[in-house]
Protein chains: 2
Amino acid sequence: MKLSRAQCQTILETHHVKVTEPRLAVLEFMGTQTGPIKAYDIIHGLTVNPPTVYRALTSLTEAGILHRIESLNAYMFCLHPGHDHAHGHDHEIFFTICDQCGQVDEIDHDLKTNLTSVLKARNFKPKRRIFEIHGACENCF
Amino acid sequence: MKLSRAQCQTILETHHVKVTEPRLAVLEFMGTQTGPIKAYDIIHGLTVNPPTVYRALTSLTEAGILHRIESLNAYMFCLHPGHDHAHGHDHEIFFTICDQCGQVDEIDHDLKTNLTSVLKARNFKPKRRIFEIHGACENCF
DNA sequence: AATTTCATAGCAATCTTGTATCAAAATCAT
DNA sequence: ATGATTTTGATACAAGATTGCTATGAAATT
């Protein structure tokens with residue numbers, strides 16, 4: 001999915017992220033790879049220091065340009081850039097992760113429909129599910 | 001929730017896990033703590049080597065005695081020990097994680113009911129959701 | 001134009017988390 | 001008992017992430 005510098009810049013601008021060299025470099029690097037990418041792939045690939053990469057990844061993720069896959073310690077391009085990924089809606093983003101080939105898919109799931117049937121329709125055989133919701137509990141809200 | 005050696009042994013036996021010293025020690029240590037526990041808390045608490053603890057945690061988790069919380073890199077006792085946590089059923093285990101006080105709750109969620117309403121009923125205010133499903137994709141099944 | 005402010009960047013060090021390796025011991029099934 | 005398998009133990013190391021501090025550069029304030 002090779003991205004030019006100009007394309008990277010456009011991505012940043014449309015997501016209202018300040019355009020900086022590390023962010024451009026990380027975005028560009030990610031465009032050369034396919035599937036989930038680890039922070040240290042970038043650190044080694046670009047020979048930059050860890051904080052530089054982690055800061056870029058954080059801002060790109062917060063902007064919704066990337067997703068962080070917690071169970072892989074890895075990052076992916078968001079495939080549903082138009083959507084609001086915040087909570088409180090009638091849909092939810094799921095990731096399916098093939099443990100064999102490593103492919104990660106992003107599913108925009110309508111909460112009213114049955115997840116099992118969605119997975120079946122995609123011929124994805126689930127083995128392990130990770131459903132974790134961060135927020136504020138009753139006492140701390 | 002203090003667990004005696006005998007109780008730890010019973011837990012292992014009822015889950016068909018071989019009873020070994022490291023597993024007993026880790027279980028017992030976890031019984032002295034409350035909430036999610038990190039591997040290095042155990043490593044430091046028991047002054048044992050990392051591989052010993054990670055191996056014990058892996059077997060305890062695989063047996064369904066513990067859960068691993070991916071977004072915290074931490075482990076918790078399973079609060080629904082009677083249930084089948086495998087997939088393909090009409091319920092799903094969710095974790096709610098309070099970012100303020102650190103409390104983690106395990107929700108056994110009936111997939112037919114609306115998750116948002118369940119959270120609302122518990123007065124949990126969600127901020128960030130992590131839904132990741134590992135398995136085998138169409139091509140690799 | 002000069003100054004303050006604030007987010008970002010660079011660098012080094014450090015901390016946290018998790019694995020690889022390989023040999024010794026324990027366990028189990030003939 | 002003997003051989004195969006599993007589990008352990010110890011050392012080392014790799015991978016993942018953060019902290020502290022200084023410096024820079026753009027934007028806001030005077």
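Hydrogens, waters and symmetry mates play no part in the numbers below; they use all other heavy atoms, side chains included. Everything numeric in this text was worked out from a predicted model, so none of it was measured.
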Could you work out, with salt bridge (Lys or Arg N to Asp or Glu O under 4.0 Å) as the rule, every residue matching [X], not counting sequence neighbours?
| X | result |
| --- | --- |
| A/R68 | A/E70 |
| A/R5 | A/E21, A/E28 |
| A/D41 | none |

Tell me: [atom1] of [X] to [atom2] of [N], nearest whole Å?
| X | N | atom1 | atom2 | answer |
| --- | --- | --- | --- | --- |
| A/E21 | C/dA9 | CD | P | 9 Å |
| B/L72 | C/dT17 | CG | P | 11 Å |
| A/E70 | C/dT17 | CD | C1' | 14 Å |
| B/L57 | C/dT17 | CG | C1' | 12 Å |

Next item on the list: With sequence neighbours left out, write down each residue that passes side chain to side chain contact (heavy atoms under 4.5 Å, CB included) with B/Q33, or none if nothing qualifies.
Entry: B/F29, B/I37

Next item on the list: Give me the residues of residues 4-14 of chain B where at least one heavy atom lies under 4.0 Å from an atom of DNA chain C, by number, or none.
Entry: none

Next item on the list: Can you see which heavy atom on B/S71 is nearest to which on B/I97, and at what distance?
Entry: OG-CD1, 3.6 Å

Checklist line | Residue whose nearest DNA chain D nucleotide is more 5′ - A/K18 or A/T58 | finding: A/T58

Next item on the list: Please give the angle, rounded to 10 degrees, between the axes at the start and the end of the helix from C/dA1-D/dT30 to C/dT30-D/dA1, where five pairs define each axis.
Entry: 40°

Next item on the list: Kindly state which residues belonging to residues 29-53 of chain A come within less than 4.0 angstrom of DNA chain D, counting heavy atoms of the residue only, listed by number.
Entry: A/K38, A/Y40, A/P50, A/P51

Notebook entry, point to check: What are the bounds, 5' to 3', of the part of DNA chain D that sits under 4.0 Å from heavy atoms of chain B?
Noted result: D/dT6 to D/dT11

Checklist line | Which residues share a ring-ring contact (aromatic ring centres under 6.0 Å, His included) with B/F141, sequence neighbours left out | finding: none

Check: Sequence neighbours excluded, which residues qualify as ring-ring contact (aromatic ring centres under 6.0 Å, His included) partners of B/F94?
Finding: A/F131, B/H109, B/F131

Notebook entry, point to check: Remaining members of A/I130's ILVMFWY cluster at a side-chain heavy-atom cut-off under 4.5 Å?
Noted result: B/I130

Item checked: N-O pairing of A/R122 and B/E138 below 4.0 Å -> no

Margin query: Could you walk me through whether A/L12 and A/L60 satisfy the side chain to side chain contact (heavy atoms under 4.5 Å, CB included) test, starting with their C-alpha distance in whole Å, then the side-chain angles of each, then the deciding distance to 0.1 Å, before giving a yes or no?
Written below: CA-CA 8 Å; A/L12 292 176; A/L60 295 173; 3.5 Å; yes

Note to self: If the condition is side-chain hydrogen bond (donor to acceptor under 3.5 Å, both in side chains), which residues does B/Q7 pass it with, not counting sequence neighbours?
What the structure shows: B/S4

Next item on the list: Could you please spell out the steps behind the side-chain hydrogen bond (donor to acceptor under 3.5 Å, both in side chains) verdict for A/D110 and A/H91?
Entry: CA-CA 4 Å; A/D110 179 348; A/H91 70 95; over 6 Å; no

Margin query: Please determine whether ring pair (Phe, Tyr, Trp, His ring centres under 6.0 Å) holds for the pair B/H67 and B/F95, giving the CA-CA distance in whole Å, both sets of side-chain angles, and the decisive distance to 0.1 Å.
Written below: CA-CA 10 Å; B/H67 288 298; B/F95 297 99; 5.0 Å; yes

Notebook entry, point to check: On a plain distance test, is the side chain of A/R55 in donor-acceptor contact with the base of C/dG10 below 3.5 Å?
Noted result: yes

